[in-house]
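A quick note: this is a predicted structure, and the numbers were derived from the prediction, not measured. Quick note: numbers below take in every heavy atom, side chains included, and nothing from hydrogens, waters or symmetry partners. Per chain, numbering begins at 1; letters A, B, ... match sequence-line order.
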2 protein chains.
Amino acid sequence: MSRELDQTDWRIIAELQEDGRLSFKQLGTRVNLSPPAVAERVRRLEESGVIAGYRADIDPVAAGQPLSAFVQMRCATGRCLLKTTRADDFPEVVEIHKLSGSSCSMLRVRVTSMAHLEGLFERLGEHGEMNTHIVLATEYEGRAVQPPTEEARTVTRSAGWSA
Amino acid sequence: MSRELDQTDWRIIAELQEDGRLSFKQLGTRVNLSPPAVAERVRRLEESGVIAGYRADIDPVAAGQPLSAFVQMRCATGRCLLKTTRADDFPEVVEIHKLSGSSCSMLRVRVTSMAHLEGLFERLGEHGEMNTHIVLATEYEGRAVQPPTEEARTVTRSAGWSA
DNA sequence: CTTGAAAGGACTTGCGC
DNA sequence: GCGCAAGTCCTTTCAAG
């Protein structure tokens, strides 16, 4: 389906992650390509699903939701959050990941206040054991997707027990 | 600094999170406003920092980084990841959050393969205890920031021990 | 892939409500 | 604060080399 991405594709991806509203002309200038050439590449990246869309980046703090937390759920049998509720029931839950290990899922929640967070935890707690971690500060998130480094291919194998 | 956001602002925010490349004309049609009116509102949202930017939404799976994990770090004294390394040392780390509780930070990492993940864990492990959770599937993430619900203001107080 | 041209659309400004 | 309308600029998209 998706052909290998070359260096120019990755430069385009990097630029569009920094500014998703660049015109083909502006984008072409930054990657040393003519407007029609970048337009064709971008079209292919969109078609292959590498570029899933273009979004405004909303700052939750400025938007009035300064508090964030991680919640590991270990759902009780028959009460699993994923099977007994819908997304609309918990607008505060902005991410849901199914996990390996002892927890069944990891949630990321955003709330307006501590009181709001308290209420949310009580509602979530009805579905099983929780392990919560309040975020004190976010160093960064949404870091740009980058081309695989050389380390990704030449992985250092651990010594011992090797065949 | 930031005036209260009204309903129209939230509609604009919702539309731009769905499609960050909408023209003022298109955006105005969707929120029942003229192009100059939306342009002025968007300009203010950008100035106040609510709209932090516009980014292409890159699908990590399609981009060749199908594996993701959460890593809780409990850094050893003097070896804290945040103080002894720089972001460029770990391009696989796409999020860093400082946490309350027993862990000092929560990382989100993205890698190309299990071998890559193994190597990364070994490098991270040198900075302290780790608690890792591999993501099996992501239900959703990057859910749109939404206006505060009524529940956010009228929070149910728990019974008992109340003053 | 690049260049060049033509067509279409977007952004802005000013004015009136 | 919003809408309407006009002018200017830019962008996009063809075609040809």
Touch class at under 4.0 angstrom, heavy-atom based, for B:Arg43 against every strand present: nothing
A:Leu99 versus B:Leu136, closest heavy-atom pair with distance: O-CD1, 3.3 Å
Ion pair A:Arg41/A:Glu46, N-O distance below 4.0 Å: no
B:Phe70 and B:Val109, any side-chain heavy atoms less than 4.5 Å apart: no
Short side-chain donor-acceptor distance under 3.5 Å, A:His116 and A:Glu118: no
Gap between atoms CG and P, on A:Leu22 and D:dC10 respectively (whole Å): 16 Å
B:Asp9 and B:Glu4, any side-chain heavy atoms less than 4.5 Å apart: no
Interatomic distance, B:Leu27 CG vs C:dA10 P [rounded to whole Å]: 12 Å
Salt bridge (Lys or Arg N to Asp or Glu O under 4.0 Å) against B:Glu40, all qualifying residues, sequence neighbours excluded: B:Arg43, B:Arg44
Length of the CZ-C1' vector between A:Arg41 and D:dT13, whole Å: 19 Å
Heavy-atom pair of closest approach, residues B:Leu124 and B:Met130: CB-SD, 3.6 Å
Donor on one side chain, acceptor on other, A:Ser102 and A:Arg74, under 3.5 Å: no
Sugar-phosphate only, base, or nothing, as touched by B:Ser23 at under 4.0 Å among non-hydrogen atoms: sugar-phosphate
Difference in axis direction between the ends of the helix from C:dC1-D:dG17 to C:dC17-D:dG1, five pairs, 10°: 30°
Nucleotide D:dC2, atom P - distance to CD of B:Glu40 in whole Å: 8 Å
Sugar-phosphate, base or nothing in reach of B:Asn32, heavy atoms under 4.0 Å: sugar-phosphate
Nucleotides 12-17 of chain C: protein proximity per nucleotide (B base, S sugar-phosphate only, - neither; heavy atom, under 4.0 Å): SB----
Length of the line joining B:Gln26:CD and C:dC11:P, which is rounded to integer Å: 9 Å
Side-chain touch B:Ser100/A:His133, heavy atoms, less than 4.5 angstrom: no
Atom-to-atom span, NZ of A:Lys25 to P of D:dT13 - whole angstrom: 15 Å
